[in-house]
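First the structure, in the form of structure tokens, and then the observations on it.
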There are 2 protein chains.
Amino acid sequence: MRERILDVALDLFNEHGYDATSLREIAQRLGVSKAALYYHFEQKADIMVALHQRFHRIGQALLEEFAARSAEADPVRLWLELLDEFIDGVVANRELVMMHQRNSQALRRIVGDTPENHADHEDMEEALRAMLADPRISLRQRVRLATSIDAVVSVLVDIEGYFGDVPLDQRAALVRDVARELLAA
Amino acid sequence: MRERILDVALDLFNEHGYDATSLREIAQRLGVSKAALYYHFEQKADIMVALHQRFHRIGQALLEEFAARSAEADPVRLWLELLDEFIDGVVANRELVMMHQRNSQALRRIVGDTPENHADHEDMEEALRAMLADPRISLRQRVRLATSIDAVVSVLVDIEGYFGDVPLDQRAALVRDVARELLAA
DNA sequence: GTCTATATTTCGATAGAC
DNA sequence: GTCTATCGAAATATAGAC
């Protein structure tokens with residue numbers, strides 16, 4: 001049941017946003033009463049925290065590999081090598097990535113206020129921040145690094161629905177070329 | 001007063017999000033009572049609509065120029081020529097663009113449900129959609145067009161604060177090069 | 001684990017004085 | 001134009017039976 005709640009919540013948070021989604025709505029879509037949810041989660045915010053942990057678990061492997069090898073000469077080249085894995089991860093977890101994009105404010109408010117999960121959040125956000133703040137990278141490269149990541153997420157998640165007619169694997173192939181180009185320059 | 005309300009609301013919508021911002025909070029920051037807001041706006045949603053109209057007003061000139069000249073041979077080349085104007089617009093209205101990014105769900109819910117403003121919204125969203133759906137543009141170019149727009153917004157608005165240490169004009173210069181490169185390929 | 005019923009709080013919105 | 005006071009609705013959360 002716990003996972004079913006999270007699945008439904010993920011959908012609703014993507015449709016209306018965390019703050020505009022009530023527990024009544026989640027319960028109704030599941031066909032249970034509102035109180036049933038409280039057996040599995042102490043507060044509404046804990047549902048968001050659990051979804052954040054799903055997200056974090058997925059990105060962890062990639063970030064650890066990056067951290068382990070980031071002593072290498074060129075961080076940009078390293079990211080280029082991890083690009084395919086990153087793209088696969090975004091494609092496989094599109095809804096979760098979208099939820100994070102769409103509810104970044106609510107996430108910061110919730111996850112940023114609970115000390116335990118704050119560490120998790122920092123693992124993720126700070127890893128990206130550390131990568132972009134690496135002194136070996138020039139500002140020009142920093143912009144290209146950030147842009148390449150953003151391009152992948154933007155085209156694959158496609159919040160505005162601009163590429164709704166294009167299959168995900170086709171989008172992935174095209175945006176991979178763009179990202180490589182940005183990182184190679 | 002009306003404009004002061006909108007300024008404060010813009011800040012708060014960027015800090016906590018539209019749904020998590022109460023009228024009590026807006027009134028408090030202005031040093032007036034909650035009821036005072038209702039003299040200037042009939043509903044809370046109307047504050048969001050007014051901010052959307054600010055945004056729309058700013059983008060209109062650019063979109064009209066694009067529409068007027070879009071009969072030209074190459075839409076990608078046209079966008080390349082309008083790039084500087086676009087970048088300047090984003091820099092000059094960074095908070096407004098950020099608000100649209102962060103509250104896209106609330107905006108769709110509010111603006112998409114009132115028929116009058118729906119037209120405005122379509123002017124904006126649909127213009128972008130039309131540009132990206134232009135049959136003269138290959139899918140490869142489409143991805144590059146979307147990516148270039150997204151890169152500009154991403155680096156200049158900088159929601160995550162990755163470039164907080166870099167002056168806006170410097171960021172603008174760097175991302176301009178990236179966008180040109182993407183559009184020239 | 002799930003239910004009904006209810007407590008508590010907060011929000012958007014209105015009434016009416018000044 | 002702004003205030004105080006208040007209404008009604010909806011939300012989160014809890015109590016206690018089954």
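In what follows, every heavy atom counts, from backbone to side chain, and hydrogens, waters and symmetry copies are set aside. The sequence lines fix the lettering, A, B, ..., with proteins before strands; numbering per chain opens at 1. If you're wondering where the values come from, they're calculated on a predicted model, not measured in any experiment.
The closest donor-acceptor contact from the side chain of Arg94(A) to the backbone of Leu156(A) lies under 3.5 Å. Using modelled atom types, no side-chain atom of Asp19(B) and backbone atom of Ala106(B) make a donor-acceptor pair closer than 3.5 Å.
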Would you give me the side-chain donor-acceptor pairs under 3.5 Å for residues 175-185 of chain B, sequence neighbours excluded?
| residue | atom | partner | partner atom | Å |
| --- | --- | --- | --- | --- |
| Arg176(B) | NE | Asp84(B) | OD1 | 2.8 |
| Glu181(B) | OE1 | Arg144(A) | NH2 | 2.1 |
| Glu181(B) | OE2 | Arg144(A) | NH2 | 3.0 |

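Residue Ala35(B) has its side chain nearest to dA15(C) when only dA15(C), dC3(C), dT12(D) are considered. Ranking dG1(D), dC3(C), dA13(D) by closeness to the Lys44(A) side chain, first place goes to dA13(D).
Look at OH on Tyr39(A): it is 16 Å from P on dT14(D), rounded to the nearest Å. Computed from coordinates, the Lys34(A) NZ to dA7(C) P distance equals 14 Å when rounded to whole Å. If you measure from atom CD of Glu42(A) to atom C1' of dA15(D), you get 16 Å, rounded to the nearest angstrom. One atom, NE2 of His40(A), and another, C1' of dG1(C), lie 6 Å apart when rounded to the nearest Å. The interatomic distance linking Leu37(B) (CG) with dG1(D) (P) rounds to 14 Å, in whole Å.
Between Gln43(B) and the phosphate of dA13(C), there is a side-chain N or O to OP1/OP2 separation shorter than 4.0 Å. A close approach under 4.0 Å does occur between a side-chain nitrogen or oxygen of Tyr38(B) and OP1 or OP2 of dA13(C).
If you check residues 7-29 of chain B against DNA chain D, you find no residue with a heavy atom closer than 4.0 Å.
Counting non-hydrogen atoms of other residues, nucleotides and ligands closer than 6.0 Å to CZ of Arg136(B) gives a total above 12.
For the side-chain contact (heavy atoms from CB on, under 4.5 Å) test, residues two or more places apart in sequence or in another chain that qualify with Arg129(A) are Glu125(A), Glu126(A), Tyr162(B).
Shown are His56(A), His52(A), Glu95(A); of these, the side-chain hydrogen bond (donor to acceptor under 3.5 Å, both in side chains) with His100(A) is made only by His52(A).
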